[in-house]
Structures are given as structure tokens and as C-alpha cells.
Number of protein chains: 4
Amino acid sequence: MNAPTSSAPDEKRTVSRHPGSGRGRPRDASRDAALREAAMEVLAQVGYRALTMDAVAAQARAGKATIYRRWESKLDLVIDTCNQLVQRNIPEPDHGSVERDLGEFLTAFATFLTGPVGKAAQALVGELPHEPELAAAFRESFLLPQRDVLRRIIERGISRGEIRPDAPVDTVVELAGAGLMYRLMLVDDPLDARFVNRILREALLPLLKNP
Amino acid sequence: MNAPTSSAPDEKRTVSRHPGSGRGRPRDASRDAALREAAMEVLAQVGYRALTMDAVAAQARAGKATIYRRWESKLDLVIDTCNQLVQRNIPEPDHGSVERDLGEFLTAFATFLTGPVGKAAQALVGELPHEPELAAAFRESFLLPQRDVLRRIIERGISRGEIRPDAPVDTVVELAGAGLMYRLMLVDDPLDARFVNRILREALLPLLKNP
Amino acid sequence: MNAPTSSAPDEKRTVSRHPGSGRGRPRDASRDAALREAAMEVLAQVGYRALTMDAVAAQARAGKATIYRRWESKLDLVIDTCNQLVQRNIPEPDHGSVERDLGEFLTAFATFLTGPVGKAAQALVGELPHEPELAAAFRESFLLPQRDVLRRIIERGISRGEIRPDAPVDTVVELAGAGLMYRLMLVDDPLDARFVNRILREALLPLLKNP
Amino acid sequence: MNAPTSSAPDEKRTVSRHPGSGRGRPRDASRDAALREAAMEVLAQVGYRALTMDAVAAQARAGKATIYRRWESKLDLVIDTCNQLVQRNIPEPDHGSVERDLGEFLTAFATFLTGPVGKAAQALVGELPHEPELAAAFRESFLLPQRDVLRRIIERGISRGEIRPDAPVDTVVELAGAGLMYRLMLVDDPLDARFVNRILREALLPLLKNP
DNA sequence: GATTAATCGAGACGGTACGTCAAGTCTTGAT
DNA sequence: ATCAAGACTTGACGTACCGTCTCGATTAATC
């Protein structure tokens, strides 16, 4: 994902410089990382609801203005922090076998979700209906990339003749994602390789291969 | 749900009386309903984040103390309100056909989720990791009943010989629930009968019936 | 003073019975004293501002309704409690000597003021401008009786020829009362016999006797 | 009054800065005046009892935190507000005549007491026994300055030979103050020039001049 | 002796203010 | 123009108290 993914206006994005001209003291780029790290720290410790800007600022030994100069709100900070982490954490295996590709990808993604990003994602779910821009960013940087990888893996299998052409690709892709998120957020059973292998063997592959 | 499912200590539960004895003015049971109704109203209007105790109290023309006498927190109020609504809102069809039973149940449940209870459920997801009692109540009164209905429908199909005995029941049940929740909370595609019919036709039934 | 001195309507006065007829359980007269005593206790301990009806009720092991059945408000309770105490606590000496009468009376009254009634009186001062009925009761039962005793002592002196007829009676009476209250409420020097004797010797008697 | 006279700890005093260092945004000194003015406004309108912090904050268009940052309590706010007003509102006439000086001073002070400061002072009387620091501040900034002016006026009269050297100065000073406060707070007769002139003519001057 | 009605302690009720805390903005001196 | 620090307004929090009302139980006078 590399399009604008956050709810913040462009002039607040981290990479861009302050407006006007190049005069004045430039932004200390190292503060960005420190602040994101502090936000992640606090988010993982107390959750989204209890995360306060003062706590993040204190954790990073920064002033609140330094945060608000970069992000418009608590939500924006959290979104951007998560996006940054999702970036390039999604591998796309291509070994010429749908079974192997799916297994490898889903296992890697499940492991990734077990970490702080998964916690953060869960923290944001409740906000989605009331924060359209957050919802857009969440879907664009969190759901779509994973969905697209799955779809491409399957489509490569079809073009190789490994998968029958009329397989219910959309449904399989959706249920794969749904199964992971359900485990991650709602059920307290573990989201581990065993689980991934089970749904792969008992659901995804049969749906793709059986007539 | 039939065990104590909420995060509130017993002496705060609506039904139970205050500890000492039967002395003093008893709680006005009609306020319980009024407060839950008000909470649901406000929850549907502004969402969980923006729901304030003041707003609920005002909506119900009650004092805040009257709320806090019954529920320990905003969370506790919302949980209990939802539990009350989930009760007996889950039908269990039994027409002698797995296809018809599943379709009927999933459609009814999807419709139910589209209402305020679904919104409330989504609002609570982010709290689950930090509120163990909420998580327990959520699973016991929200996830388990639905899961159990699905399982019983399928098992009746097996005992009738309609479904092969070695069908992956757990996986199907889990993916059915996961699919619904995924649509409800994460994706912005509608959770409607079309969707239910699609996953039924393209995933659930094939997994149950095909060898 | 024995006229209605409080702000409460007659049917709430302690002595009167409940309306209608004589049927039903009569008021327990012993609760009156218990409640007044409890009020005095709490008033002396925490002052008027911090006195709560719940505290008085708890102190007397009574219900709040039992208080409100007798007095209309916190203010009314406190007023009546004080009035009850002031009643007949003001002696009026008459030994045929203004000096001796004044000394005896002022010393006795100063001692009386040093007790709980004085504390209560001080607690009420701040309310006087905003509570006309309290102010009336306060003056009628607290200030006037004392003032009248002083005036009668002096007038007996005049009629005996002990005091010159054109003595500034009003001014002396007022300054005597003012001196006592000033010491009691505003200054932290003690309101004792030494003080009484000093103002008597250095101010009151000279003003009455010197030409 | 020039020493620390209020019940507030030093770090809350308006003038002093926050402890750590000179960093951070300094207190907006203009808010002090606005808040004191608002407090005086509300105090004059509804009295001390009914004065609420919310009302003061609303009147000054300030947040409650801004008040509590400066004063620890309602009491503390009112005390400080009054102290500020008492400052330099006590003139000290010196015309070479005790009669003229006393008359001028007492009339001016009586007029001053008739205003909001007098109301506030009365409001505080009931708190004095339970708030030692308030009592100290009250006496130091309210009673002592006035007492000292009176004493100096009389002592100048003695040194001029206008007043006999063995006049009961303490008693006269105390009764002058007592008379004013008694009228102000307890009696409902007016504290006006007529009254001042009467006690001057009938009590204070005779006590000072007559042998 | 049974009935009746107002009492009693207890405590829930609708309100209002409390004093605290957080969000997001603004202002300082210094870099 | 940036930085850390922290004061600022706004608004919700959860608690305490007021004065009223409601409960079951008690208690005397009336029937």
C-alpha cells in the first residue's frame, strides 16, 4: 500500500515538510519514529480507549504539540502507527503450489496478527462505524492487501490449471480472512499454525479443488 | 446464557437485592427497563465511544446514581443491555432439512445483527482483551448460543443421514460465524440474505455434503 | 421567648400532633430529643456547612423521613435545636446593684456562649442574609432576650437613681452584646470572666455613671 | 497584610510560579483577575452558600481546572478574593483631631463594609472555627489592619495631649470594631453614618476623654 | 380482639454540584 | 519554525448530599 491511507490531510503527513518555505527549524524526523513507538507501547499496554495523548507524549518525552503537529487526533496517530507496521509485513509466496503458498502466507499473516498490530487492529474495530476515514484506511491498508494476496495466489493456481476455473474465489478469500479475524478478535482460542492448517485442509482447499 | 454472565458483582445485578436484608425501599424494577432502553437508544444514536452516562440518565429521566447503583460502569451497562436483548432472539428452526434450517437461521441472525445489538457488539470488541469478564459474557451470551444452534442443526442432519458423518462440523460452524461477524464489523459490504445465501451455497453446504 | 420562633409551619412543630384525627401511631416524642441531640453533636463536630441530614439521621439511628416529618430543612432543624437550648438559659439577676447585676449576667451569658450554643450561633451567621426566617428566629430568640435583660437591668438602675437618667442606654446595651459576639466569633482571644470584667469596668459602667 | 495570608499552599498562590522551573506556559495572570471578579460577582448575587465553582467558571468563561489550579477550594478562592479587595481600602486619616480622624475612618470603613466585602466577610464567619488558616487570614487582613488604624489614631491623640494617657485604648478599639461587625452581621439595623456618629459621640469619645 | 392509620428505620429516587481527568489548542522561552 | 513544557476551554467522569417517596414492620387509638 502506498496511496494516501490515513485520515490526515496531506500537510500533516509525516514525510511532507511544513508549509510556507524552507525557513525555520526543520522538523526533527527522529521524533516521528519515537512518537509512533511510544504510541505502540502505550496502545499495547492499555488499549485504545485508555490511551491518552499525555501518556504518549510522556513516554516519548515529547510535548503534545509535537504530536498534534504531525497527526490530527489520537485516532490518526494510531492509524498511522499501525499502517507503518503493516507496510511490507505481508509476504507473497509463489512456489507454484496453491496449497504451499496459502499455507505459508496464512501462517505468516497469523503470526503477524498475534503481535501488536493485531491488538491495535482490534482496538480500532469499535471506531470504524463512526469514523469513515479511519474505516477507509483500515480496510485499504489492513484488509485489502491481505485479500489481494490471497486472490492472486488462487488465480495463479487457476491459470496453472491446479484449481478448477469455476471455484468460488471470492467466498474462499473472504472466509479465509474472516476465519483469521474471528479467532484473533472474538474467540479466545489461539490463532496458530494448527488452526491455519485445519481450515486450510478442511475448508479452503476442498472448496477450491472439489467439483 | 444462564449462568452469571456479566462483569458486575452480584450485589449490583439487577435481579438480586441489596445485601443487608430486605429493608429499605426496594429497587424500582421499572427503572431497569427504562435505563436499558435509554442506553440502547443512545448507543444506536451516537455509538459506544460517545455514549455518556449523563446522556443515558437524561434520556431515561433518571439520576446518574440510579444507573451506578445497578451497573458499575458504562461497559457493564452496555453488556447487560445487550445480553438482555440477545436472550431469546435466536430461533432454532427444525424443518428436517439442513439447507432450509441453516438458511433460515443464518438469515434471521443476520437480520438481528443488522440492528442495534450488532452495533453494540462491534463497539465492545476493542474492550475484550482488557475486560476479561466482559469477554466471558460476550462469548457466553453472544457467540456460544449461535454456535450451538448451528452445530445442532448440522448434527440433526448427520443423524438423519442427510450429512456425511465425517463432515468438518467445527470448521463449518466456525466459518459460518466468522463470515457473519467479518461482514458485520470489518467489511462494508452488506450483511444481507444475498450474502448468507452465497456462503451457504458456495461454502457451507458443499463442505458438509461433498466427500 | 415562647411564641413560634422557627421557620416551620405549625403542623410541623414538635409539640403539635399529626393532622386528621388522633388515629394511627402517634409520634414518638423521644425521637425529638434524640434528633436534636444528634444535630447538636454533628453541628459541634463539623459545623453547619458540613452537617448533613444523613449524618444526623445516622447519629440518631433514625430515618431521614423522621427528621423531615418534624422540620422542614436542615436550617429549620438547626434553628429549632438552638432555640431549644437558648430557652431559659438566660438568667436575670436583680440584686439592687447595676454593677453586680451586669457582671453576673454577662459572665453567665459568656459562659453559656462558650458552649455548643455559641458554636451553633456562629455557624448560622453566614446564612442570615439569605434566610429571612432564620434571621428573624435568630434575633428573636438569641439577640433580643439578652438585649432586653441588659436594658431592664439598666432601667432598674435608673429608676433606683443609681444611674443618671440620660445615660446612653441603647448604645451601652448594643456595645455590650457586640463585645461578647465579637470575642466569640471573630477574635481568638477568650470570652471569659476577665474580658467581661474589663469591658464592664473600663466601658459599660463609666458610660452609665459618668456625666 | 503583607505576609502570606491565605490558606493555600505556596505553589498554588497566584503570584508564585509553578515549582519545577520556569518552563512551560506561564499562568495567564489576566485569568486571576477575571476569576476573582467573577467570584465577587457570584458571591454578591447568590451568597457564599449558593456560590458554586461551576457558576464562577461560567461567569469568567473559564474551566474549573483553571480555578483549582490557583485555589484549593471555594473557601480559598473567596478568601483570596476578599483579601485582594481589603488591600489599600483602609484609609488612615490624620487631621490632628481624634474626633475627626475617628469619624472619618469609621464612616469610610462602614461604607466599605456595606459593599460586597462585608457580605463575603459575613459568609466566612461560620467557617472560622473549622478552618484555622482561613481564620488566620481573616484576622490578619480584615481585623488587624482596622484595629491598628484605630489604635494609631488614638495614640496620636494621646501624644498630642488631646486624649488622657490612661484612656482604655484596647477596650475602645475593640468595642469600635465590635460595634461595626455586630451591626453588619447580626442586627438588621443599618450600618450607616448615623450609627457611627452615635457610638462615637455616646461611647468612644466619652471613654477616651472623660476622666 | 381486630381494624386502621400514622409512625418507624432503611434506603432508592431525580437532581445538582463536586473535584478530577482527558482532548485538543495556545503560549512561553529556548534551540 | 521547531522543540518541551504546561496552561487553557470544554465536557464527561463517578461521588455525595438534598429533599421526596416507598417499602415492610411497628404501635396505639378506634371500632
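Labels below follow one simple rule: chain letters A, B, ... track the order of the sequence lines, proteins then strands, and each chain is numbered from 1. The figures that follow rest on heavy atoms only: side chains count, while hydrogens, waters and symmetry mates do not.
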Q: Figure out the CE/C1' separation between B:M53 and F:dT15, and round it to whole Å.
A: 13 Å

(Q) Minimum heavy-atom separation for A:A39 and A:T81, please, with both atom names. (A) CB-OG1, 4.0 Å

Q: Check the distance between E:dG19's P and D:K74's NZ and give it to me in whole angstrom.
A: 8 Å

Q) CG of B:D76 versus P of F:dG14: gap in Å, rounded? A) 11 Å

Q: Could you pull out the closest heavy-atom pair between B:A137 and B:I79, with the gap in Å?
A: CB-CG2, 4.0 Å

Q: Locate the shortest heavy-atom distance separating D:W71 from D:D76; write the atom from each residue and the value.
A: CA-OD2, 3.5 Å

Q. Using a cut-off of less than 4.0 Å, is there contact between a side-chain N or O of D:R31 and OP1 or OP2 of F:dT9?
A. yes

(Q) Tell me the interatomic distance from C:D54, atom CG, to F:dG19, atom P, rounded to whole angstroms. (A) 10 Å

Q | Value in whole Å for how far the P atom of E:dT7 lies from CG of C:D32 | A | 12 Å

Q) What parts of residues 60-67 of chain A reach DNA chain E, counting only heavy atoms under 4.0 Å away? A) A:K64, A:A65

**Q.** Quiz item: B:R25 side-chain donor-acceptor pair to E:dA12 base, under 3.5 Å
**A.** yes

(Q) Can you tell me whether the side chain of A:R27 and the base of F:dT2 have a donor-acceptor pair closer than 3.5 Å? (A) no

Q: Give the nucleotide from the list F:dT9, E:dT27, F:dC18 with an atom nearest to the side chain of D:R69.
A: F:dT9

Q. Which part of the nucleic acid, if any, lies within reach of A:L77 when heavy atoms closer than 4.0 Å are counted: base, sugar-phosphate only, or nothing?
A. nothing

(Q) Could you tell me how far apart C:R70 (CZ) and E:dA6 (C1') are, to the nearest whole angstrom? (A) 12 Å

Q: Can you sort out the partners of B:A123 under side chain to side chain contact (heavy atoms under 4.5 Å, CB included), two or more places apart, ordered by chain and number?
A: B:Y48

Q | Those residues that, when tested against B:Q122, pass side-chain hydrogen bond (donor to acceptor under 3.5 Å, both in side chains) (two or more places apart) | A | none

Extract all donor-acceptor atom pairs below 3.5 Å that involve side chains of residues 58-65 of chain C and protein atoms in other chains or at least two apart in sequence.
none

Q | Nearest heavy atoms of D:A50 and D:V46, plus distance in Å | A | CB-O, 3.6 Å

Q. Which pair of heavy atoms, one from B:I67 and one from B:V56, lies closest together, and at what distance?
A. CD1-CG1, 3.9 Å

Q) F:dG14 C1' sits how many Å from B:Y68 OH, rounded? A) 5 Å

Q | Pairing residues for C:Q84 by the side chain to side chain contact (heavy atoms under 4.5 Å, CB included) criterion, not counting sequence neighbours | A | C:R36, C:D80

Q) On DNA chain E, nearest-nucleotide positions of B:D28 versus C:A29: which is more 5'? A) C:A29

(Q) Stem list for DNA chain F, please, built from Watson-Crick and G-U wobble pairs under 3.5 Å and keeping only runs of at least 3. (A) E:1-31 with F:1-31

Q) Of the nucleotides E:dG19, F:dC13, E:dA17, which has the atom closest to the D:T52 side chain? A) E:dA17

